[in-house]
Amino acid sequence: RAAIAAWADVLGHDPTASEALDALERLYTAGGSWTDLVDVLRRRLELSTNPVARRELLGRIAAIHEDRLRDDTDATSAYRAILDEFPEDDPALEALARLLQRNERWPDLEEALERRLALAWHGDAKVQLLAQMGTLAEHKLGRPDQALDRYRDLLALEPEHDGARAGLERMLEDEGLRLRVAEVLE
């Protein structure tokens, strides 16, 4: 405690003292003082202009909120802060999507998955995302037209995808979609 107080006093006199920030970061990490550690990391973030360092700091802040503090709201905000600075950061989008799904924030999840799909270049990633988006549209958002489109796009990439075929077969029950579904399943 005395060491923390001494280094905090140094920071009180010089908010940019990197030696004090380093020491407090070590002490808070060792002591599991996660909220205090986030404060130190935020201070470092304010001082940093290096994009690589900023991304690393933002990621650590997000991970602490999610894993140590179990605060999904602040973790979501932290991942969004990463995406504000680095809009094409797929690991941040993936983490954000995980949190949104866990908290059943379906429209926000849809937006995050859309962004991930736009960035996906590998066929397997697209298949996985389209399957998730089809299921989301069908079961959580109540948008069968959109689910049909996702499943159709998925079958264009992987014609024998069982999940897409099963989703489309369920949609045959819907009179308004039956013709479109049949055309896709041909």
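Here the CG-CG distance, from D72 to L100, works out to 9.5 Å after rounding to the nearest 0.5 Å. Here the CG atom belonging to D89 is positioned 11.5 Å from the CG atom belonging to D84, to the nearest 0.5 angstrom. Separating the CG atom in L96 from the CG atom in L113 is a distance of 9.5 Å, to the nearest 0.5 Å.
Ion pair E110/R143 flagged as a salt bridge, since at least one NZ, NE, NH1 or NH2 atom sits closer than 4.0 Å to an Asp/Glu carboxylate oxygen. With respect to the salt-bridge test (charged N to carboxylate O, under 4.0 angstrom), the residues E66 and R98 qualify. The residues E25 and R44 are annotated as salt-bridged, a charged nitrogen and a carboxylate oxygen being separated by less than 4.0 angstrom. Using a cutoff of 4.0 Å between basic side-chain nitrogens and carboxylate oxygens, E85 and R54 are scored as salt-bridged. Using a cutoff of 4.0 Å between basic side-chain nitrogens and carboxylate oxygens, D174 and R180 are not scored as salt-bridged. Using a 4.0 Å cut-off between charged side-chain N and carboxylate O, R165 and D162 make no salt bridge. By the 4.0 Å N-to-carboxylate-O rule, E88 lies too far from R115 to be salt-bridged with it.
Taking 4.5 Å as the limit, every side-chain heavy atom of Y28 sits out of range of all side-chain heavy atoms of T35. Two residues are said to be in side-chain contact when any heavy atoms from C-beta on lie closer than 4.5 Å; D108 and R80 meet this criterion. R55 places none of its side-chain heavy atoms less than 4.5 Å from the side chain of V52. Side-chain atoms of H65 and T73, non-hydrogen and from C-beta on, never get closer than 4.5 Å to each other. Using a 4.5 Å cut-off on side-chain heavy atoms (C-beta onward), L11 and R43 make contact.
Side-chain polar atoms of T16 and D14 form a donor-acceptor pair below 3.5 angstrom. If you check the side chains of Q101 and Q132, you find a donor sitting under 3.5 Å from an acceptor.
Closest non-hydrogen pair, W34 versus T29, comes out as CH2-O, 3.9 Å.
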